[in-house]
Amino acid sequence: MDAQHGQVQHELVMPERERILGVPVDVTDMETTIAGIVAAVEDHRDGARPWNAPHLVVTLNPEMVIRAQNHAAFRAILEDAAVVIPDGVGVVHALRKRGHHEAVRVTGADLVTAYLPIAALHEHRVAFVGAGPGVAGKAADRAREIAPGIQIVAADSGHPTKETAERLAKYAPEVVFAAYGAGKQEEFLHRFLPLMDAPVGVGVGGTFDYLAGVVHRAPDIVQRIGCEWAWRLLLQPWRIGRQRALPEFYLRELHERRGG
Ligand code: UDP
């Protein structure tokens with residue numbers, strides 16, 4: 001990205017793809033991820049080729065890696081994704097232990113915030129879908145403050161169903177951010193991006209909650225020391241069930257690296 005002019009260069013770098021417990025993950029960064037989104041929208045606008053492969057961006061965390069061990073359908077969606085970005089700190093640690101010392105976290109929340117001004121610049125048609133009642137709307141209002149002029153063509157709290165996708169399709173979105181929690185949001189996008197004729201979909205987890213101010217994101221220092229998961233647990237203790245996957249991830253990942 002040319003920071004001075006806010007332009008995204010379209011020379012695409014293909015990030016290296018690694019595997020953790022059989023799950024694909026790309027050693028990439030924010031700039032490359034956003035450049036990929038912009039390029040996919042451009043391709044769609046150009047109609048350069050039949051559009052049958054939307055650009056699905058998955059924000060991967062250790063819970064999702066464990067989920068993929070037990071759900072073949074979810075594993076298949078991850079295989080189909082255009083980009084799998086390392087969102088969770090556990091995923092980044094695993095990449096570094098495998099020799100990718102340059103690996104960094106690229107979270108869904110940071111991606112959305114960094115992308116908003118780019119979306120405004122390129123006049124992308126953006127849709128927010130999912131989260132609790134009214135949250136997508138509030139998040140869209142905040143996004144319009146962050147990036148004046150951005151075209152958020154739909155903000156819909158609907159469930160991850162065909163009806164929701166059909167409703168969104170009427171607004172011809174180009175980039176759909178979906179917040180239905182890990183698994184559901186990727187299933188929704190994988191299934192319905194073609195119906196919406198949307199070139200890009202990104203599963204963004206709790207991002208709308210942060211943008212809307214419904215949930216406070218961990219302070220920078222907590223993020224930097226790799227403890228955002230603990231902050232989330234503190235704020236939302238019901239996460240304990242889901243976070244049981246974390247020790248399982250660390251043990252299985254270590255076992256895999258040791259050739260087990
Ligand atoms: N969510 C939803 N329907 C569901 C589960 C979750 O709309 O069945 C929303 C939830 O309100 C939140 C977002 O999805 O706004 C992300 O959920 P969560 O924080 O559990 O996802 P994570 O970030 O842990 O993947």
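Order of appearance sets the numbers: ligands from 1, and atoms from 1 within every ligand.
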Review point. Can you check whether G108's main-chain N or O pairs, donor with acceptor, with D87's side chain at less than 3.5 Å?
Key: yes

Ligand 1 contacted by [X] (non-hydrogen, < 4.0 Å):
X	answer
E63	no
Y180	yes
R242	yes
V135	no
M64	no

Among V129, V204, D209, the residue with a heavy atom nearest to atom 15 (O) of ligand 1 is D209

Quiz item: Which residue from G205, A179, G132, G158 reaches closest to atom 11 (O) of ligand 1 through any of its heavy atoms?
Solution: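 Selected option, by shortest heavy-atom distance: G132.
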
Practice item. Report yes if G130 has an N/O atom closer than 3.5 Å to an N/O atom of ligand 1; otherwise report no. Key: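 N/O-N/O distance under 3.5 Å: no.
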
Please confirm whether Q236 comes within less than 3.5 Å of ligand 1 when only nitrogen or oxygen atoms on both sides are compared. no

| Do H55 and D43 meet the criterion of a side-chain donor-acceptor pair at a distance under 3.5 Å? | no

Identity and distance of the protein heavy atom lying nearest [atom]:
atom	answer
atom 17 (O) of ligand 1	G181 CA, 3.7 Å
atom 8 (O) of ligand 1	K184 NZ, 2.4 Å
atom 7 (O) of ligand 1	A131 N, 3.3 Å

Between E248, R258, R98, which is the residue that forms a side chain to side chain contact (heavy atoms under 4.5 Å, CB included) with E253?
->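 Considering E248, R258, R98, a side chain to side chain contact (heavy atoms under 4.5 Å, CB included) with E253 is found only for R98.
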
From the list R125, H124, H122, side chain to side chain contact (heavy atoms under 4.5 Å, CB included) partner of V175 resolves to H124

* Which of the atoms of ligand 1 are close to A182, meaning less than 4.0 Å from one of its heavy atoms? ->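 This gives 25 (O) as the contact atoms.
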
| query | Using 4.0 Å as the upper bound for N to carboxylate O, is an ion pair formed by K138 and D141? | reply | no

| request: Decide if the gap between the ring center of F208 and the ring center of F177 is smaller than 6.0 angstrom. | output: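 No.
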
